[in-house]
Amino acid sequence: MAQTPAIQLEESWLEYLQPEFDKDYMKSLKAFLLQEKKAGKTVFPPGPEIFNAFQHTPIDQVKVVIIGQDPYHNFDQAHGLSFSVRKGIKVPPSLRNIYKEQERDLGIENGEHGDLTQWADQGVLLLNSVLTVEAHQAASHQGKGWETFTDAVISQINEHCENVVFLCWGSYAQKKARFIDQQKHLVLKSVHPSPLSAHRGFIGCGHFSEANYYLESHGIEPIDWTLY
């Protein structure tokens, strides 16, 4: 198998994505990550958690996809789920705004912690476009191959799943989802929940209730967005 030791891709995903690991771009990406490690650089998230989103959300269970950009680049934050941080870590500003919109939209109050694993376990694929980053160096692993891999992920969902809701917040996520078949799936777009832009349309977008309405209208169990 073409994966590095200590990194395991969930079985249902591997069935569709195995060919990616044999392509030149992925071999180059693996070589780059090994070089970073040999150079003594710290890479987030830790190796076993790089594919964490897939572990929690097998492809046949995907209901919603939330597209992020890069992992958080400070210690103890990134654990392989977009926008999510480990319990006990301060909730980042963008996630705080996500919680604000959920309270406005659904009347639920999240915010005690920033661990979104409960969403992932219900079928919310928390997918960053780039799956690794060097410590304290934002966007340092962009353009190394991850974007091609996660394009393949979105393509597989588009082809093999039906009635998936894609939440595309910000221009980067919207470009990432450009080839989704909107006859099969629902694509919801807004500005990014960052404090720099959230006031320009993210707060008030109603995406969480709209996603659940769409799922229920297609006979799919909605997401319980409440975090415990």
Side-chain angles (χ1 to χ4, degrees), residues 8-17 45 48-69 71 78-87 94-95 98-99 101-103 105-129 131 149-169 173-174 176-177 179-190 193 202 205-228:
Q8 298 295 322
L9 192 62
E10 192 274 334
E11 190 173 326
S12 71
W13 284 107
L14 191 60
E15 179 182 348
Y16 294 108
L17 294 172
E49 293 182 322
I50 291 173
F51 295 118
N52 203 23
F54 305 95
Q55 296 300 118
H56 286 277
T57 315
I59 190 169
D60 60 350
Q61 296 177 24
V62 174
K63 300 177 182 180
V64 177
V65 180
I66 299 180
I67 301 173
Q69 193 162 345
H79 63 130
L81 306 177
S82 64
F83 291 101
S84 180
V85 293
R86 302 173 189 279
K87 287 185 178 178
S94 291
L95 183 54
I98 291 171
Y99 290 165
E101 172 55 17
Q102 289 181 324
E103 183 174 2
D105 187 21
L106 302 173
I108 61 175
E109 294 186 26
N110 290 324
E112 292 298 316
H113 62 81
D115 187 342
L116 307 182
T117 302
Q118 292 171 50
W119 295 356
D121 289 338
Q122 293 181 72
V124 181
L125 182 67
L126 297 163
L127 180 68
N128 276 320
S129 298
L131 300 188
F149 178 77
T150 51
D151 276 350
V153 172
I154 294 172
S155 180
Q156 293 296 336
I157 297 169
N158 181 59
E159 181 178 351
H160 296 290
C161 303
E162 290 187 3
N163 307 130
V164 173
V165 182
F166 290 82
L167 301 184
C168 302
W169 301 330
Q174 290 167 25
K176 192 79 175 168
F179 52 79
I180 294 166
D181 182 353
Q182 297 190 44
Q183 300 301 313
K184 290 176 63 178
H185 308 289
L186 177 65
V187 177
L188 299 177
K189 300 177 181 179
S190 84
F202 180 78
C205 69
H207 282 182
F208 301 100
S209 59
E210 193 171 348
N212 276 353
Y213 177 80
Y214 177 84
L215 293 173
E216 288 183 289
S217 70
H218 288 87
I220 301 168
E221 185 75 20
I223 304 300
D224 178 2
W225 296 103
T226 307
L227 295 169
Y228 301 96

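If you read the sequence from its start, that first residue is 1, and numbering goes on from there.
- One finds the CG atom of Leu17 at 10.5 Å from the OG1 atom of Thr150 (value rounded to the nearest 0.5 Å).
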* To do: Test side-chain contact (heavy atoms from CB on, under 4.5 Å) on Val65 and Leu167 and set out the steps.
  => CA-CA 6 Å; Val65 180; Leu167 301 184; over 6 Å; no
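- We find the CG-CZ distance between Leu125 and Phe54 to be 6.0 Å, quoted to the nearest 0.5 Å.
- The backbone N or O of Thr117 sits nowhere less than 3.5 Å from a side-chain atom of Ser84 that would complete a donor-acceptor pair.
- Thr57 places a side-chain N or O within donor-acceptor distance of the main-chain N or O of Ala120, the cut-off being under 3.5 Å.
- Here CH2 of Trp169 is found 8.0 Å from NE2 of His207. Values are rounded to the nearest 0.5 Å.
- A search for side-chain hydrogen bond (donor to acceptor under 3.5 Å, both in side chains) contacts involving Gln118 returns nothing, not counting sequence neighbours.
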* To do: Kindly indicate, with the supporting measurements, whether the criterion salt bridge (Lys or Arg N to Asp or Glu O under 4.0 Å) is fulfilled by Lys176 and Asp151.
  => CA-CA 7 Å; Lys176 192 79 175 168; Asp151 276 350; 3.0 Å; yes
* To do: Give the intermediate values and the outcome of side-chain contact (heavy atoms from CB on, under 4.5 Å) for residues Ile154 and Phe166.
  => CA-CA 10 Å; Ile154 294 172; Phe166 290 82; 4.2 Å; yes
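- Note that SG of Cys161 is 9.0 Å distant from CD of Gln156, once rounded to the nearest 0.5 Å.
- Ring centers of Phe208 and Tyr213: at least 6.0 Å apart, outside the cut-off.
- The 12-atom threshold is exceeded at CD of Glu216, counting heavy atoms of other residues, nucleotides or ligands nearer than 6.0 Å.
- Of the listed residues (Ile220, Val165, Val64, Leu188), just one forms a side-chain contact (heavy atoms from CB on, under 4.5 Å) with Tyr214, and that residue is Val165.
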Please tabulate, for side-chain N and O atoms in residues 221-228, each donor-acceptor pair with protein atoms closer than 3.5 Å (sequence neighbours left out).
| residue | atom | partner | partner atom | Å |
| --- | --- | --- | --- | --- |
| Asp224 | OD1 | Thr226 | N | 3.1 |
| Asp224 | OD1 | Thr226 | OG1 | 3.2 |

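- Annotation for Ser190 and Phe202: closest pair OG-CD1, 3.4 Å, computed over non-hydrogen atoms.
- For the pair Glu101 (side chain) and Gly206 (backbone), a donor-acceptor distance under 3.5 Å is present.
- Partner of Arg86 under the side-chain hydrogen bond (donor to acceptor under 3.5 Å, both in side chains) criterion, chosen from His113, Glu49, His79: Glu49.
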* Dump the intermediate steps for side-chain contact (heavy atoms from CB on, under 4.5 Å) on Leu116 and Leu95, then the final yes or no. => CA-CA 10 Å; Leu116 307 182; Leu95 183 54; 4.1 Å; yes
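- Residue Leu215 comes nearest to Lys63 through the heavy atom pair CD2-O, 3.8 Å, listed as atom of the first residue, atom of the second, then distance.
- Side-chain atoms of Ser129 never come within 3.5 Å of backbone atoms of Ile67 as a donor-acceptor pair (strictly under, hydrogens ignored).
- A side-chain donor-acceptor contact under 3.5 Å links Asp105 to the backbone of Ser209.
- When atom types are taken as modelled, the side chain of His218 and the backbone of Asn163 share no donor-acceptor pair closer than 3.5 angstrom.
- For the side-chain contact (heavy atoms from CB on, under 4.5 Å) with Phe83, the qualifying choice from Asn128, Ile98, Leu126 is Ile98, the only one to do so.
- From Ile157, atom CD1 reaches atom CD of Glu159 across 12.0 Å, with rounding to the nearest 0.5 Å.
- How far CG of Leu81 is from CG of Asn52: 5.0 Å, rounded to the nearest 0.5 Å.
- Side-chain atoms of Trp13 never come within 3.5 Å of backbone atoms of Gln55 as a donor-acceptor pair (strictly under, hydrogens ignored).
- In terms of heavy atoms, Asn110 sits closest to Gln102 at ND2-OE1, 2.9 Å.
- Considering only heavy atoms from C-beta on, Phe51 stays 4.5 Å or farther from Glu10 through its side chain.
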